[in-house]
Amino acid sequence: MAGRHRVTLIPGDGIGPEVSAGARLVLDAASPGIEWIERQAGSVALAEHGDLLPEETLDAIREARVAIKGPITTPVGSGFRSINVALRQGLDLFAAVRPARSLPGVPTRHGDVDLVVIRENTEDLYQGVEFAARSPQAEALREELRRLADFEIRPDAGVTLKPISIAGTRRVVRFAFEYSKANRRGTITLGHKAGIMPTSDGLFLRTAREDSIDRGDVEFEDMQIDHLTARLVREPGRFDVLLLPNLYGDIISDLCAGLVGGLGLIPGANIGWEYAVFEPVHGSAPDIAGKGVANPIAMILSGAMMLRHLGEPGGASAVEHAVDAVLEAGKVRTPDIGGSSSTMDVAEAIASALAR
Ligand code: ATP
């Protein structure tokens with residue numbers, strides 16, 4: 001049967017194939033029309049194709065326009081800094097969306113968390129402009145900086161550049177406002193360190209401020225990132241949408257995962273104008289890989305985000321409610337949240353809760 005949606009599935013490394021199998025089971029039950037196109041990236045792709053990120057995988061995502069992937073580990077010395085970053089940059093997936101909400105039956109310090117991190121995904125310190133200490137390039141950079149503005153960098157310094165552009169900021173700001181309106185979110189809080197980095201963080205802040213005028217019902221505020229971090233751990237219920245440059249977004253999303261019960265529970269999406277790739281926030285967790293005990297909920301909730309993106313809000317809500325129901329019942333859960341069930345036990349319990 002031809003599917004209503006074509007979706008590229010990249011199982012990934014470590015616990016990736018396990019949580020992917022769990023997510024597929026649930027998504028097939030929630031939306032039987034998905035046609036899966038399975039492609040590889042990471043160590044399996046290297047073994048099969050001699051390439052960590054094969055062009056045929058990228059082509060499959062471009063063709064389907066939507067993909068869901070498990071975590072991918074980048075082997076040290078492989079020539080890639082990060083396969084995940086290469087994928088985001090290659091497909092221009094400029095906004096990462098990571099919702100963190102308190103889940104029933106998962107005890108945490110704060111019970112009222114319902115926030116969404118929107119992270120700029122292509123620029124900032126992740127752009128990959130690196131100058132190794134004592135390299136000829138670093139030496140040339142030192143000379144150029146001295147000539148340009150009398151900046152003196154120590155001869156043994158390694159340098160990572162932090163480019164943040166107006167165009168790169170505008171699109172993620174626009175996305176954040178559109179997302180907030182579409183999802184009935186009231187306030188965007190932008191995190192920055194503009195006092196210390198006026199030309200990069202300051203530009204991010206000024207551009208967002210200008211573009212936030214006339215944005216209708218969504219409130220806009222900004223906060224220094226250090227202050228924001230302290231407020232987040234004390235009163236996370238005060239926040240709604242957090243809009244952050246790349247590096248702060250990476251760190252704060254893990255902090256938010258911790259606030260609601262851990263990495264095994266937090267879904268994510270990487271969105272561009274043309275393509276969308278859904279993935280859990282967690283990595284490949286080699287310590288538990290192959291044991292069948294990884295929590296599939298982050299991947300399953302990433303699948304719910306994907307269903308919403310595909311125009312199936314009913315299916316998405318059904319998956320989210322089924323996850324809540326299984327967590328609330330508390331009988332079937334993986335060890336990371338205090339249970340002893342397997343990955344597939346949890347996926348099966350969620351799939352059968354869908355039907356109820
Ligand atoms: P990366 O650098 O790719 O983010 P990492 O090793 O820093 O990877 P993760 O792989 O995300 O971080 O995981 C950190 C730890 O959290 C793991 O070692 C594992 O114990 C736990 N963890 C992460 N994801 C899950 C999951 N889905 N289920 C259970 N435990 C998990």
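Order of appearance sets the numbers: ligands from 1, and atoms from 1 within every ligand. In this chain, numbering begins with 1 at the start of the sequence shown.
The shortest heavy-atom distance from Val19 to ligand 1 is not under 4.0 Å. At least one heavy atom of Ser284 sits less than 4.0 Å from an atom of ligand 1. Taking 4.0 Å as the cut-off, Ala298 does not count as a neighbour of ligand 1 on heavy-atom distance.
Ranking the protein heavy atoms by distance from atom 1 (P) of ligand 1 puts Gly283 CA, 4.0 Å first. Taking atom 25 (C) of ligand 1 as the reference point, the nearest protein heavy-atom neighbour is Ile15 CD1, 4.0 Å. Ranking the protein heavy atoms by distance from atom 28 (N) of ligand 1 puts Asn295 N, 2.9 Å first. The nearest heavy-atom contact from the protein to atom 6 (O) of ligand 1 is Pro286 CD, 4.6 Å. With respect to atom 18 (O) of ligand 1, the closest heavy atom belonging to the protein is Asp287 OD1, 2.7 Å. Ranking protein heavy atoms by distance to atom 15 (C) of ligand 1, first place goes to Leu263 CD1, 4.7 Å. Among all non-hydrogen protein atoms, the one lying nearest atom 21 (C) of ligand 1 is Ala285 CB, 4.6 Å. Of all protein heavy atoms, the one lying nearest to atom 30 (N) of ligand 1 is Ile288 CD1, 3.5 Å.
Thr122 and Gln89 share no donor-acceptor pair across their side chains, judged by distance under 3.5 Å alone.
Salt bridge status for Lys162 with Asp201: present, with a side-chain N to carboxylate O gap under 4.0 Å. Of the charged side-chain nitrogens involved, at least one lies within less than 4.0 Å of a carboxylate oxygen, so that Glu38 and Arg24 count as a salt-bridged pair. Electrostatic pairing of Glu139 and Arg142 counts as a salt bridge here, judged by a charged N lying under 4.0 Å from a carboxylate O. Under a 4.0 Å N-O distance rule, the pair Glu320/Arg308 qualifies as a salt bridge. A salt bridge does not link Arg206 to Glu210: none of the charged side-chain nitrogens sits closer than 4.0 Å to a carboxylate oxygen. Taking the charged nitrogens against the carboxylate oxygens, Lys69 and Asp13 have no contact shorter than 4.0 Å, which rules out a salt bridge. Taking 4.0 Å as the cut-off between side-chain N and carboxylate O, Arg146 and Glu152 count as a salt-bridged pair.
Below 4.0 Å from some heavy atom of Ala294 lie the following atoms of ligand 1, by number and element: 28 (N). Close approach of ligand 1 to His282 is summarised as follows: ligand atoms under 4.0 Å from at least one heavy atom of the residue are 11 (O), 23 (C), 24 (N), 27 (N). The contact set between ligand 1 and Gly264, taken as ligand atoms under 4.0 Å from a residue heavy atom, comprises 26 (C), 27 (N).
Proximity of atom 11 (O) of ligand 1 to the protein is indicated by at least one non-hydrogen atom lying closer than 4.0 angstrom.
Between Tyr248 and His192, the distance separating the two ring centers is not shorter than 6.0 angstrom.
Remark: of the listed residues Gln127, Arg88, Arg119, Arg119 is the sole one forming a side-chain hydrogen bond (donor to acceptor under 3.5 Å, both in side chains) with Asn246.
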